[in-house]
**Student:** 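What follows is a structure written as structure tokens; I'll ask about it next.
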Amino acid sequence: MPILVTGGAGFIGTNFILAWLAQGGGQVVNLDKLTYAGNRGNLAHLPADSYELVVGDIGDRALVGRLLAERRPEAVINFAAESHVDRSIHGPAEFIRTNIVGTFNLLEALRSHVSGLSATELAAFRFLHVSTDEVYGSLGPGEAPFSETTPYAPNSPYSASKASSDHLARAYHHTYGLPVLTTNCSNNYGPFQFPEKLVPLMILNGLSGKPMPVYGDGLQVRDWLHVQDHAQALMAVLRRGRVGTTYNIGGRAEMANMEVVEAICSLLDELAPDPKIGPRRSLITHIADRPGHDRRYAVNPDRISAELGFEPRHDFASGLRETVRWYLDNGKWVESVQSGEYRSWVDRHYSWIDGGQGRKGPAGQGGGR
Ligand code: NAD
Ligand code: TYD
């Protein structure tokens, strides 16, 4: 039986599908709307008997219902989402449409599907909803990392929409007995990440000698997990997770943004030195902070570690080195995603930050917001 992956043409979905198939998993049907973040080419090399792309929307209940009825997957893994906080600040509507209404429609199609399964089929079926640690809000410096019982306190339209979808998934388990598993993961990095996010943006700007834009003082803290570790964690949850349970996934790697950016500068200076650009640190440019910027995320991964034996394999230093190499070695991929849409986002977003409402230059020296 196949699995149905939604949003598999994006960053984490692509890495998950590659890992799933490399480890002998069954056929994958990938339902993806191919938004700006979805890339058909990522998986185009896979043989047709192990991978099929269906272009469509998780919010299309009839399409999802048909796929479930015809392909009878043993599991559905939902990666499909609008995923970038800054875009959610510019335009929250699409986040409401896909992350909330889309997930609702997906759940409705699943509810209808499982109502027709035999008891044995239902016992084997799983719906894995992939979510984020951002639903828990922001931590102070000394506060304990997020556990699965930390109350939700989302602060951005993105995290609020993901929180909402998590609540819906939970309710469909509680009320209708849908076999739901939910994961809340920290910041991922690795191959195939769209260069609007911190790590690939900094790698590519640094590589080409453009300013490396750090929001505010750059001392915001994130926990970083290599995307291939995330894929392994998701497989463990899918195969052995307790139905109805949430698992927090993290890398035990809390880092301030400035530490991440400086590490990228050092790696670029070593792996792609360019005398015309000089030391990459000179490109670091502090710009106005993100509105409502969460100060710190940190994840307590004890449950997934104790119950499922999951531990990340990559340490941040070697994982980041591998990631920088991947972007250096995959210029064609980079070119293909830096389309007109990407350029218009960069122009729109970074000029908005540097323009009248914000400040350019070192944090604390400008007007702020
Ligand atoms: P991404 O933006 O790279 O990819 C999202 C994919 O979903 C794209 O292929 C896009 O085309 C597709 N999509 C968007 N709307 C759709 C719709 N309505 N119907 C079908 N497909 C649609 O995102 P990502 O970074 O791979 O994240 C995947 C999931 O993991 C998201 O749910 C995100 O919230 C969650 N997550 C991401 C991170 C991270 O650091 N990137 C961390 C924790 C959790
Ligand atoms: P991001 O990759 O957007 O992930 P998230 O906001 O979901 O954590 O950003 C990671 C951190 O990097 C976050 O604190 C915001 C910061 N950041 C910058 O300083 N400059 C940038 O240009 C971007 C995109 C992010």
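Here the structure is a predicted model, which means the values were calculated and not measured. Numbers for residues simply follow the sequence, beginning at 1. Excluded from the calculations below are hydrogen atoms, water molecules and symmetry mates; all remaining heavy atoms, backbone and side chain alike, are included.
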**Student:** CG/Leu238 to CD1/Ile77 distance, rounded to the nearest 0.5 angstrom?
**Tutor:** 4.5 Å

**Student:** Side-chain contact test, heavy atoms from C-beta onward, threshold under 4.5 Å: evaluate it for Val199 versus Leu201 and give yes or no.
**Tutor:** no

**Student:** Of all heavy-atom pairs between Thr182 and Ala169, which one has the smallest distance, and what is that distance?
**Tutor:** OG1-CB, 4.4 Å

**Student:** Inspect the surroundings of CD in Gln23 and state if more than 12 heavy atoms from other residues, nucleotides or ligands are less than 6.0 Å away.
**Tutor:** yes

**Student:** When rounded to the nearest 0.5 angstrom, what is the spacing between CG in Leu234 and CG in Asn15?
**Tutor:** 11.0 Å

**Student:** Hey, is Arg97 close enough to Asp57 for a salt bridge, meaning N to O under 4.0 Å?
**Tutor:** no

**Student:** Measuring from Leu107:CG to Arg61:CZ, what's the distance to the nearest 0.5 Å?
**Tutor:** 10.0 Å

**Student:** Output yes when Glu341 and Arg87 qualify as a salt bridge under the 4.0 Å nitrogen-oxygen rule, no when they do not.
**Tutor:** yes

**Student:** Please determine whether a side-chain nitrogen of the Lys or Arg among Arg71 and Glu52 lies less than 4.0 Å from a carboxylate oxygen of the Asp or Glu.
**Tutor:** yes

**Student:** In a check of side chain to side chain donor-acceptor pair (under 3.5 Å) between Asp166 and each of Asn184, Thr132, Asn99, which one passes?
**Tutor:** Asn184

**Student:** Inspect the surroundings of CZ in Arg295 and state if more than 12 heavy atoms from other residues, nucleotides or ligands are less than 6.0 Å away.
**Tutor:** yes

**Student:** Begin with the C-alpha distance, continue with both residues' side-chain angles, and end with the deciding distance and a verdict on side-chain hydrogen bond (donor to acceptor under 3.5 Å, both in side chains) for His129 and Ser165.
**Tutor:** CA-CA 9 Å; His129 178 63; Ser165 67; 3.1 Å; yes

**Student:** Is the number of heavy atoms from other residues, nucleotides or ligands under 6.0 Å of His293 NE2 greater than 12?
**Tutor:** yes

**Student:** Does any donor atom in the side chain of Tyr215 or Asp86 lie under 3.5 Å from an acceptor atom in the other side chain?
**Tutor:** yes

**Student:** Which heavy-atom pair separates Ser88 from Val85 by the least distance, and what is that distance?
**Tutor:** OG-O, 2.7 Å

**Student:** In sequence, state the C-alpha distance, the side-chain angles, and the governing distance for Tyr189 and Arg222, and then conclude on side-chain hydrogen bond (donor to acceptor under 3.5 Å, both in side chains).
**Tutor:** CA-CA 11 Å; Tyr189 68 99; Arg222 300 290 183 262; over 6 Å; no

**Student:** Minimum heavy-atom separation for Gly206 to Arg280, with atom names?
**Tutor:** O-NE, 2.9 Å

**Student:** Please test Glu196 against Arg343 for salt bridge (charged side-chain N to carboxylate O under 4.0 Å, His left out), starting from the C-alpha separation and ending with a verdict.
**Tutor:** CA-CA 10 Å; Glu196 63 190 354; Arg343 280 197 295 277; over 6 Å; no

**Student:** Under 3.5 Å, is there a donor-acceptor pair linking the side chains of Tyr297 and Asn187?
**Tutor:** no

**Student:** The criterion is side-chain contact (heavy atoms from CB on, under 4.5 Å); which residues satisfy it with Leu117, sequence neighbours excluded?
**Tutor:** Arg72, His113, Val114, Glu121, Leu122, Phe125

**Student:** Sort out for me which residue in Phe194, Trp345, Tyr342 forms a ring pair (Phe, Tyr, Trp, His ring centres under 6.0 Å) with Tyr36.
**Tutor:** Phe194

**Student:** Side chains of Trp333 and Trp326, heavy atoms from C-beta outward: is any pair under 4.5 Å?
**Tutor:** yes

**Student:** Would you call Arg126-Glu74 a salt bridge at under 4.0 Å N-O?
**Tutor:** no

**Student:** Using the rule that Ile, Leu, Val, Met, Phe, Trp and Tyr join whenever any side-chain heavy atoms are under 4.5 Å apart, tell me whether Val5 and Val64 fall into a single cluster.
**Tutor:** no

**Student:** For Lys197, is the NZ atom crowded, meaning more than 12 foreign heavy atoms sit under 6.0 Å from it?
**Tutor:** yes

**Student:** For the residue pair Phe79 and Phe16, categorise the inter-ring angle as parallel (less than 30°), tilted (30 to 60°) or perpendicular (more than 60°).
**Tutor:** tilted

**Student:** Does the plane of the ring in His84 sit parallel, tilted or perpendicular to the ring in His349? Use 30° and 60° as the thresholds.
**Tutor:** perpendicular

**Student:** Using the side-chain contact (heavy atoms from CB on, under 4.5 Å) criterion, which residues pair with Arg321? Sequence neighbours excluded.
**Tutor:** Leu267, Glu270, Leu271, Arg325

**Student:** Taking all non-hydrogen atoms of both residues into account, name the closest pair between Leu225 and Cys185 and its distance.
**Tutor:** CD2-SG, 3.6 Å

**Student:** Quick one: pull up OG1 in Thr6 and CD1 in Ile58 and give me the separation to the nearest 0.5 Å.
**Tutor:** 5.5 Å

**Student:** Only one of Arg303, Glu307, Glu148 passes side chain to side chain donor-acceptor pair (under 3.5 Å) with Tyr247; say which it is.
**Tutor:** Glu307

**Student:** Salt bridge or not for Asp223 and Arg252, using N-O below 4.0 Å?
**Tutor:** no

**Student:** Are Glu108 and Arg111 ion-paired here, with the side-chain N under 4.0 Å from a carboxylate O?
**Tutor:** yes

**Student:** How long is the span from the CG atom in Asn39 to the CG atom in Asn42, to the nearest 0.5 Å?
**Tutor:** 4.0 Å

**Student:** Do Tyr327 and Asn330 get their side chains close enough for a donor-acceptor pair, meaning under 3.5 Å?
**Tutor:** no

**Student:** Can you check whether Val299 reaches Ile249 side chain to side chain, under 4.5 Å on heavy atoms?
**Tutor:** no

**Student:** Under a 4.5 Å side-chain heavy-atom rule over Ile, Leu, Val, Met, Phe, Trp and Tyr, are Val221 and Val135 clustered together?
**Tutor:** no

**Student:** Holding to side chain to side chain donor-acceptor pair (under 3.5 Å), I want the full list of residues that pass it with His173, two or more places apart in sequence or in another chain.
**Tutor:** none

**Student:** Which heavy atom in Met202 sits nearest to a heavy atom in Val261, and how many Å separate them?
**Tutor:** CG-CG2, 4.0 Å

**Student:** Locate the shortest heavy-atom distance separating Val237 from Leu181; write the atom from each residue and the value.
**Tutor:** O-CD1, 3.5 Å

**Student:** Going by the angle between their ring planes, with limits at 30° and 60°, are Trp224 and Phe316 parallel, tilted or perpendicular?
**Tutor:** tilted

